[in-house]
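Everything on this sheet refers to the single structure shown next.
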Protein chains: 2
Amino acid sequence: MMCTNEEPQAANQPERVPVMKSPEELTELFRSMGRKVTPQRQRIFRALQGEDSHPSAEWVYQVASTDMETISLKTVYQTLHELAELGEIQALDLGTGTTRFDPNVEISHHHLVCRSCGKVRDLFADFSGLSISASQAEGFVVGKAEVVFRGLCQECHEKLPTVPGLRPPPNSSINSQT
Amino acid sequence: MMCTNEEPQAANQPERVPVMKSPEELTELFRSMGRKVTPQRQRIFRALQGEDSHPSAEWVYQVASTDMETISLKTVYQTLHELAELGEIQALDLGTGTTRFDPNVEISHHHLVCRSCGKVRDLFADFSGLSISASQAEGFVVGKAEVVFRGLCQECHEKLPTVPGLRPPPNSSINSQT
DNA sequence: GACATACAGAAAATGATTGTTATTTGACAT
DNA sequence: ATGTCAAATAACAATCATTTTCTGTATGTC
Ligand SMILES: [Mn+2]
Ligand SMILES: [Mn+2]
Ligand SMILES: [Zn+2]
Ligand SMILES: [Zn+2]
């Protein structure tokens, strides 16, 4: 694997292509899979629509709670996991302390993670060329490679400009806006 | 960034180069930083020597406990965090459920993570060429790129050969052997 | 030896997530 | 409309890794 400092393939196309199924489509899918479609599930489906902030379960819960006071965090977790099982979203552990859920499951993409506020941004770059040699693998059967770029989002970079070596503040409550 | 399917630069050199400071060096360092060097700290220093299994705090505790019955898990956590603060080890969240500590902090390296047993292996490959364009970064100030290859270690691959889509078993107690 | 730290140990708090279970509710048939 | 029944829900307890707080004791450092 040889890497030179040029642009990744297919880097420029701002192809926010196949986001996620609509609440209607998800409803249909759930029913076809023998699952029931409840108001809370529909609310969760809606909350995920067009969301590219890689929300946590807690974030989804907060959003849904605003107009559905009774929904429980447990139900949110459960439904998110079901969506993940069905392949409609993916659960990501990006080292931010909480599992983040990504509606974008179709196209191969990677992530920029702010080490200060935990914000996650998509990076549509093709690193599919990444691989390791058999000698390096030494029996390890490799699936996919995940690339995480760690750094500071614009806001955090402006706030904490010249203070190096500081510990990132304990992830304050909900951190999943873009 | 252009990636072709050749070997990564500097992939073959089995350069397990700069591992971690010796217990003596760490002792000196701790003293120079105004910290005290206690037997339990020295025991922890020793436990980390030459360790490339990315142990968890619990693992270090178990090891140290064998010949120091009184050491407490709390002290292990504390000392590991101190070592991390001093930059002598790094704390990794690789999605295995527990924080893993890596004595290897010097050379840029990446990781193979077994999605079945949580085993972590070093991958000494130079992916430093990985970068993103300013247009992609959009204000995000990128630090380093981490590449995680997920797959199955040899043992797990032999055990669970044809069963796809199974959930990894809940991390059983200590999982940090290589 | 004096002094400042570090230690153990207990206990409890934490935060994310999951298990339990009695009750409710969708989906579908009567 | 009503009934049926498995699936879903809400409330609550529990788990797990980790941190925090406290307190009396032990031990490096000078
Ligand atoms: Mn994403
Ligand atoms: Mn490593
Ligand atoms: Zn930020
Ligand atoms: Zn394994």
Side-chain angles (χ1 to χ4, degrees), chain A residues 26-45 55-62 64-65 68-86 91-101 118 167 169-176, chain B residues 26-45 55-62 64-65 68-85 91-101 118 167-176:
Chain A
L26 289 174
T27 296
E28 198 177 342
L29 173 67
F30 263 55
R31 292 202 170 125
S32 77
M33 299 296 288
R35 314 182 110 102
K36 295 178 177 171
V37 179
T38 64
Q40 24 282 68
R41 284 183 169 177
Q42 310 212 51
R43 185 64 193 79
I44 294 167
F45 296 167
S56 63
E58 180 68 34
W59 184 92
V60 173
Y61 172 65
Q62 298 282 4
S65 300
M68 183 178 272
E69 323 72 18
T70 72
I71 197 171
S72 77
L73 182 56
K74 179 79 203 295
T75 299
V76 172
Y77 270 109
Q78 184 177 294
T79 302
L80 288 174
H81 285 313
E82 281 170 324
L83 282 166
E85 269 174 34
L86 295 174
L92 300 175
D93 182 343
L94 296 169
T96 59
T98 62
T99 301
R100 308 291 281 261
F101 295 88
R167 299 280 113 204
N171 260 3
S172 48
S173 57
I174 306 171
N175 51 314
S176 36
Chain B
L26 289 174
T27 296
E28 200 178 340
L29 173 67
F30 262 55
R31 292 200 170 125
S32 76
M33 298 296 289
R35 313 180 112 99
K36 297 183 173 169
V37 179
T38 63
Q40 22 288 74
R41 283 182 171 176
Q42 309 213 51
R43 185 64 192 80
I44 293 168
F45 296 165
S56 63
E58 182 68 31
W59 184 92
V60 172
Y61 172 64
Q62 299 283 4
S65 301
M68 181 178 273
E69 322 73 14
T70 72
I71 196 171
S72 77
L73 181 55
K74 177 187 162 199
T75 299
V76 171
Y77 272 111
Q78 180 180 292
T79 303
L80 289 174
H81 284 309
E82 282 169 324
L83 282 167
E85 270 173 33
L92 300 176
D93 182 343
L94 295 169
T96 59
T98 63
T99 301
R100 309 289 281 261
F101 295 88
R167 300 279 113 205
N171 260 4
S172 49
S173 57
I174 307 170
N175 52 315
S176 35

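Order of the sequence lines sets the chain letters (A, B, ...), proteins ahead of strands, with each chain counted from 1.
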How many angstroms lie between CZ in B:R35 and CZ in B:R41, if you round to the nearest 0.5 Å? 6.5 Å
Using a 4.0 Å heavy-atom cut-off across all strands, classify A:S72 as base, sugar-phosphate, or nothing. base
What's A:L73 touching, base or sugar-phosphate or nothing? Going by heavy atoms closer than 4.0 Å. base
For the pair made of NZ in B:K36 and P in C:dC7, what is the distance, rounded to whole Å? 10 Å
Exercise: identify the closest heavy-atom pair between A:V76 and A:A57: CG1-O, 3.5 Å
Strictly below 4.0 Å: does B:T98 bring a side-chain N or O up to OP1 or OP2 of D:dC16? no
To the nearest angstrom, the CZ-C1' distance between A:R31 and D:dA7 comes to 14 Å
If you find the nucleotide of DNA chain C closest to A:F101 and the one closest to B:E82, which residue's nucleotide is nearer the 5' end? B:E82
Nearest to the side chain of A:R41, which nucleotide is it out of C:dT17, C:dA6, D:dT9? D:dT9
Give the rounded distance in Å between these two atoms: CD of A:Q40 and C1' of C:dT23. 13 Å
Taking the side chain of B:K74 as heavy atoms from C-beta outward, which of C:dG9, D:dA8, C:dA16 is closest to it? C:dG9
Whole angstrom value for the distance that separates C1' of C:dA6 from CZ of B:F45: 12 Å
Closest approach to the side chain of B:H81, judged atom by atom: which nucleotide of C:dG26, C:dT17, D:dT19 is it? D:dT19
Roughly how many Å is it from OH in B:Y61 to C1' in D:dT18, rounded to a whole number? 15 Å
Of the options C:dA16, C:dG26, D:dT18, whose atoms approach the side-chain atoms of B:T99 most closely? D:dT18
Min side-chain heavy-atom separation A:L26-A:L86 under 4.5 Å: no
Using whole Å, what does the distance between atom P of nucleotide D:dA11 and atom OH of A:Y77 come to? 17 Å
Validation row: B:I44, B:I71 side chains within 4.5 angstrom (heavy atoms): yes
Taking only side-chain nitrogens and oxygens of A:Q78, does any of them come within less than 4.0 Å of OP1 or OP2 of D:dA8? no
Give the nucleotide from the list C:dA16, C:dG26, D:dA10 with an atom nearest to the side chain of A:T38. C:dG26
Using atom CZ of B:R35 as one end and atom P of C:dC7 as the other, report the distance to the nearest whole Å. 10 Å
Residue whose closest nucleotide on DNA chain C lies nearer the 5' end, B:M68 versus A:P39: B:M68
Rounded to the nearest Å, what distance is computed from the CD1 atom of residue A:I71 to the P atom of nucleotide D:dA8? 14 Å
How about A:Y61 and A:M68: do any of their side-chain heavy atoms sit closer than 4.5 Å? no
